[in-house]
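What follows is one structure encoded as structure tokens, with my remarks underneath.
On a predicted model such as this, the values are computed, not experimentally measured, just so you know. Per chain, numbering begins at 1; letters A, B, ... match sequence-line order.
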Amino acid sequence: MRIATWNVNSITARTPRLLAWLESTGTDVLCLQEAKTTEAQFPVAELRELGYESAVHATGRWNGVAVISRVGLEDVVKGLPGDPGYEDVQEPRAVAATCGPVRVWSVYVPNGREVGHAHYAYKLRWFEALRAAVADDAAGGRPFAVLGDYNVAPADEDVWDISVFDGATHVTPAERAALADLRATGLGDVVPRPLKYDHPYTYWDYRQLSFPKNKGMRIDLVYGNEPFTKAVTDAYVDREERKGKGASDHAPVVVDLDV
DNA sequence: ATGCCCCACGCTGTGGGA
């Protein structure tokens, strides 16, 4: 089984590339983030023509997540139980589904904006809710993973130049502690291999030639429990999909499983 | 070549991204 996560930065802008990518890679399950549309406008029909079912949690201009599967789609949960919300709004940042033998969450962790900002506190509270929501599945015997845009670089090596991030979000001890607390439920980091260069970055800013210069970050992560990680036969960042006109600023992370 | 920001909303800018 081939399972992937990809922040598409608007499903509307990315549908042609998404459909072509699903076909060319033979991906069975995709956890998608930043749909940036409503559930009604999500391209469910186009995906169904390719043989995929869609579980979509999206409400409009911002955020929006989905699980797309051609190997079954059961027990869908939209939203994080205990979601703290931001300014009294529970944003669409998490959706879960069981796809054949595997259960997954597709997550889009809040950005945080600046250390000390209310959005940063929200980010940390959101991580705590995520930890609580996945603990039972993480400890269970079924292959389970939380895939998505975590908006945290797990280690200094996961950004191109740590000195640039002095005082910034995405690299703070508190954010990394939140990742560690999440892993402590029984999840391991499935680190993909890069297709080029030394480090498996998954995001490159659109500006300042970041991609050609490989000024990237590894912030799209796959955290799996032991039944999941034991089944992994390969994992890579599909940087080819970051190239050219009409690319997302994130590349897909692809994981092959023997399940 | 990988190439100098892009998305939605909705309008001549604004907010958000990281």
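- Among the heavy atoms of the strands lying under 4.0 Å from A:Asn151 are primed sugar atoms or P, OP1, OP2 only; no base atom is included.
- Taking the C1' atom of each, B:dA8 and B:dC4 are spaced 23 Å apart, rounded to whole Å.
- With contacts defined as side-chain heavy-atom distances shorter than 4.5 Å, the pair A:Thr27/A:Trp6 does not qualify.
- What separates CG of A:Asp249 from P of B:dC4 is a distance of 14 Å, to the nearest Å.
- Counting to the nearest Å, the P atom of B:dA18 and the CD atom of A:Gln208 are 16 Å from each other.
- Here A:Tyr197 lies in heavy-atom contact (under 4.0 Å) with a base.
- The aromatic rings of A:His250 and A:Tyr203 lie tilted to each other, with the angle between the two planes from 30° to 60°.
- Separating the CG atom of A:Asn7 from the C1' atom of B:dC6 is a distance of 12 Å, rounded to the nearest angstrom.
- Phosphate proximity of B:dA18 to A:Tyr108: present, with a side-chain N or O under 4.0 Å from OP1 or OP2.
- Within the 4.5 Å cutoff, the side chain of A:Pro84 has heavy atoms near those of the A:Tyr122 side chain.
- Taking the nucleotide of DNA chain B with the nearest heavy atom to each of A:Lys196 and A:Asn111, the more 5' of the two is matched to A:Lys196.
- In this entry the distance linking CG of A:Leu209 with P of B:dA1 reads 16 Å, nearest Å.
- In this structure, the NZ atom of A:Lys36 is 9 Å from the P atom of B:dG17, given to the nearest Å.
- You'll find that the side chain of A:Arg93 is closest to B:dG17, out of B:dT2, B:dC7, B:dG17.
- Distances shorter than 4.0 Å separate some side-chain N or O of A:His250 from OP1 or OP2 on B:dA18.
- Taking the six-membered ring wherever Trp is involved, the centroid distance between the rings of A:Phe165 and A:His170 does not fall below 6.0 Å.
- A donor atom on one side chain and an acceptor atom on the other are found under 3.5 Å apart for A:Asp238 and A:Trp21.
- Using a 4.0 Å heavy-atom distance criterion, A:Tyr203 is classed as a sugar-phosphate-only contact.
- A:Asn63 comes within 4.0 angstrom of nothing in the nucleic acid, heavy atoms only.
- Between A:Glu91 atom CD and B:dG15 atom P the separation is 17 Å, expressed in whole Å.
- Nucleotides B:dC11 and B:dG15 place their C1' atoms 14 Å apart, quoted to the nearest Å.
- Nucleic acid contact class of A:Trp204 (heavy atoms, under 4.0 Å, all strands): none.
- Here A:Glu34 lies in heavy-atom contact (under 4.0 Å) with sugar-phosphate atoms only.
- At the phosphate of B:dA8, OP1 or OP2 sits under 4.0 Å from a side-chain N or O atom of A:Ser10.
- Between B:dC6 and B:dG10, the two P atoms lie 22 Å apart (nearest whole Å).
- Nearest-nucleotide positions on DNA chain B place A:Asn9 closer to the 5' end than the other of A:Asn9 and A:His170.
- Residue A:Arg113 has its side chain nearest to B:dG16 when only B:dC5, B:dG16, B:dA18 are considered.
- Within the nucleic acid shown, A:Arg242 has no heavy atom closer than 4.0 Å to any nucleic acid atom.
- Closest to the side chain of A:Arg61, out of B:dG15, B:dA18, B:dG3, is B:dG15.
- Using a 4.0 Å heavy-atom distance criterion, A:Gly244 is classed as a sugar-phosphate-only contact.
- Checking B:dG15, B:dT2, B:dC5 against every side-chain atom of A:Arg207, the shortest atom distance belongs to B:dC5.
- Using a 4.0 Å heavy-atom distance criterion, A:Thr12 is classed as a sugar-phosphate-only contact.
- Rounding to whole angstrom units, CH2 of residue A:Trp62 and P of B:dT14 are separated by 14 Å.
- Computed from coordinates, the A:Trp160 CH2 to B:dT2 P distance equals 21 Å when rounded to whole Å.
- Between A:Trp204 and A:Phe211, the two ring planes are perpendicular [angle over 60°; tilted spans 30° to 60°].
- You'll find the side chain of A:Ile162 reaches within 4.5 Å of the side chain of A:Val171, heavy atoms only.
- When the C1' atom is compared between B:dA18 and B:dC5, the two are found 13 Å apart, to the nearest whole Å.
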